[in-house]
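First up is the structure itself, then whatever we jot down about it.
Reminder, nothing fancy here: chain letters follow the sequence lines and each chain counts from 1. Note: hydrogens, waters and symmetry copies are ignored here, and every other heavy atom, side chains too, is used.
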Amino acid sequence: MKIASWNVNSLNVRLPHLEAWLAQASPDVVALQETKLEDSRFPDTALAALGYRSVFAGQKTYNGVAILARSPIEDVQIGIPDFEDEQRRVIAATVDGVRIVDLYVVNGQSVGSDKYAYKLRWLEAVHDWIATELRTHPRMVVLGDFNIAPDERDVHDPAAWHEGHILTSSAERDALRRLYALGLHDAYRLHHEAGGVFSWWDYRQAGFRRDLGLRIDLTLVSDALRPLCIAAGIDREPRSWERPSDHAPAWVELAPLEA
DNA sequence: ATGGTAGATACTCTA
């Protein structure tokens with residue numbers, strides 16, 4: 001079972017990229033972020049033609065998340081329960097017995113800003129919700145654009161991306177460690193100790209050509225799934241295509257599950 | 001070097 005995450009930065013623009021990548025990578029489940037589409041405009045018919053069901057929670061201009069799957073998608077949850085938020089950043093559902101939690105984590109703008117405070121509040125709410133959710137769904141994958149680089153290996157220039165910068169600040173990394181403490185494991189790191197492999201490159205300053213990236217798109221597997229996680233990776237290729245998203249797809253492969 | 005580019009919307013915000 002191959003499960004992937006991709007921040008497409010406008011599904012309206014990136015539908016051809018998504019279609020091409022689905023055909024070549026053949027994932028079973030895909031979590032999308034930054035679809036930037038109202039639900040009435042979601043291309044569910046085009047995706048169904050490729051064999052994918054879809055559930056989605058979008059809005060105009062900003063945010064927007066979706067889960068695509070070849071198998072039936074059950075028990076869909078939109079947003080964090082008991083956390084008021086107009087921004088469409090969370091969708092969860094069960095596919096083939098695995099709870100999929102798709103997150104588009106708040107960017108945070110700059111350390112100390114109102115948006116940064118919102119990011120930390122939001123991460124706290126996610127933590128408390130996931131803690132509860134794990135009790136009923138021990139087989140869980142939490143994935144998406146985390147907008148946090150876990151450690152120095154995930155940053156092209158740790159001197160520039162330090163503890164006072166968004167995406168690498170101490171408070172953000174502490175929030176990520178609190179998710180790990182629930183029994184969630186960075187699947188990419190389980191299989192790759194070395195750093196220098198990234199999932200996001202700024203459009204500016206020829207970031208991709210110079211490989212000035214960060215690894216901020218993560219797939220976390222629960223304790224129960226960890227022994228079944230047989231591979232993980234980041235597919236850089238779509239970032240090199242014409243008019244790309246600024247993010248590349250990240251994926252994990254799970255061995256077949258017992259019933 | 002406080003810029004740069006991209007997307008959506010409406011002449012600016014977010015990332």
Side-chain angles (χ1 to χ4, degrees), chain A residues 5-21 31-43 46 56-66 79 85-91 102-123 126 143-150 154-169 171-173 175-176 198-218 234-250:
Chain A
S5 170
W6 196 5
N7 179 325
V8 292
N9 186 20
S10 170
L11 186 52
N12 188 42
V13 173
R14 235 66 73 183
L15 181 59
H17 304 68
L18 178 61
E19 289 173 331
W21 184 73
L32 301 176
Q33 305 88 36
E34 285 207 87
T35 56
K36 299 185 177 179
L37 283 178
E38 288 181 299
D39 290 346
S40 61
R41 298 183 58 213
F42 194 89
F56 38 85
Q59 64 188 98
K60 213 192 292 188
T61 312
Y62 305 118
N63 310 310
V65 284
D85 195 351
E86 292 175 359
Q87 303 190 16
R88 297 302 207 190
R89 296 181 173 277
V90 176
I91 190 166
D102 177 15
L103 304 179
Y104 173 44
V105 175
V106 178
N107 172 281
Q109 194 171 59
S110 61
V111 172
S113 67
D114 288 349
K115 292 191 178 75
Y116 183 77
Y118 164 54
K119 181 176 196 171
L120 297 180
R121 251 195 346 270
W122 190 94
L123 285 164
V126 166
L143 76 173
D145 176 359
F146 277 70
N147 270 318
I148 304 170
D154 305 307
V155 181
H156 72 273
D157 182 359
W161 295 84
H162 49 75
E163 75 281 352
H165 199 289
I166 56 153
L167 315 189
T168 54
S169 75
E172 290 166 78
R173 284 175 165 165
L176 184 58
F198 310 125
S199 68
W200 169 80
W201 300 260
D202 201 305
Y203 285 123
R204 295 165 287 191
Q205 299 176 317
F208 183 65
R209 184 177 58 73
R210 300 162 65 201
D211 202 21
L212 307 179
L214 271 65
R215 190 172 69 91
I216 57 177
D217 298 272
L218 310 178
I234 296 170
D235 187 355
R236 288 172 56 96
E237 193 202 311
R239 185 63 178 81
S240 71
W241 295 345
E242 282 295 314
R243 210 179 177 195
S245 168
D246 45 352
H247 295 254

Original post:
About how many Å separate CG of A:L176 and CD1 of A:I216, when rounded to the nearest 0.5 Å?
Top reply: 12.0 Å
Original post:
Quick check, are the ring centers of A:W21 and A:W6 under 6.0 angstrom apart?
Top reply: yes
Subject >> P-based separation of B:dA15 from B:dT9 [nearest Å] >> reply: 15 Å
Subject >> Residue mapping more 5' on DNA chain B - nearest nucleotide basis, A:K115 or A:R204 >> reply: A:R204
**OP:** For B:dA10 and B:dT14, measure between their P atoms and round to the nearest Å.
**Re:** 14 Å
**OP:** Check every strand shown and say whether A:R89 touches a base, only sugar-phosphate, or nothing at a heavy-atom separation below 4.0 Å.
**Re:** sugar-phosphate
Original post:
Between A:D85 and A:R121, is there a side-chain N and carboxylate O pair less than 4.0 Å apart?
Top reply: no
Original post:
Do the side-chain N and O atoms of A:R89 and A:N63 include a donor-acceptor pair separated by under 3.5 angstrom?
Top reply: yes
Original post:
Under the criterion side-chain contact (heavy atoms from CB on, under 4.5 Å), which of A:L218, A:I234, A:L143 is the partner of A:S5?
Top reply: A:L143
Original post:
Do the ring planes of A:W200 and A:H247 sit parallel (below 30°), tilted (30 to 60°) or perpendicular (above 60°)?
Top reply: tilted
**OP:** Would you jot down, in residue-number order, the residues of residues 235-246 of chain A having a non-hydrogen atom under 4.0 Å from DNA chain B?
**Re:** A:R243
**OP:** With a 4.0 angstrom cut-off to heavy atoms of chain A, pull out the first and last contacting nucleotide of DNA chain B, in 5'-to-3' order.
**Re:** B:dG4 to B:dA15
Original post:
So A:W161 and A:H165, would you call those rings parallel, tilted or perpendicular, with 30° and 60° as cut-offs?
Top reply: tilted
Subject >> A:S199: which of A:D145, A:D217, A:D235, A:D246 passes side-chain hydrogen bond (donor to acceptor under 3.5 Å, both in side chains) >> reply: A:D217
Original post:
Mapping A:K36 and A:V106 to their closest nucleotides on DNA chain B, which lands nearer the 5' end?
Top reply: A:K36
Subject >> B:dT12 and B:dA1, which share atom name P, separated by this distance in whole Å >> reply: 29 Å
Subject >> Same-atom distance (P) from B:dG7 to B:dG3, integer angstrom >> reply: 22 Å
Subject >> Minimum-distance pair of heavy atoms, taken over all atoms of A:S110 and A:Y116 >> reply: O-CB, 3.2 Å
Original post:
Touch check for A:F208, heavy atoms < 4.0 angstrom, all strands: base, sugar-phosphate only, or nothing?
Top reply: nothing
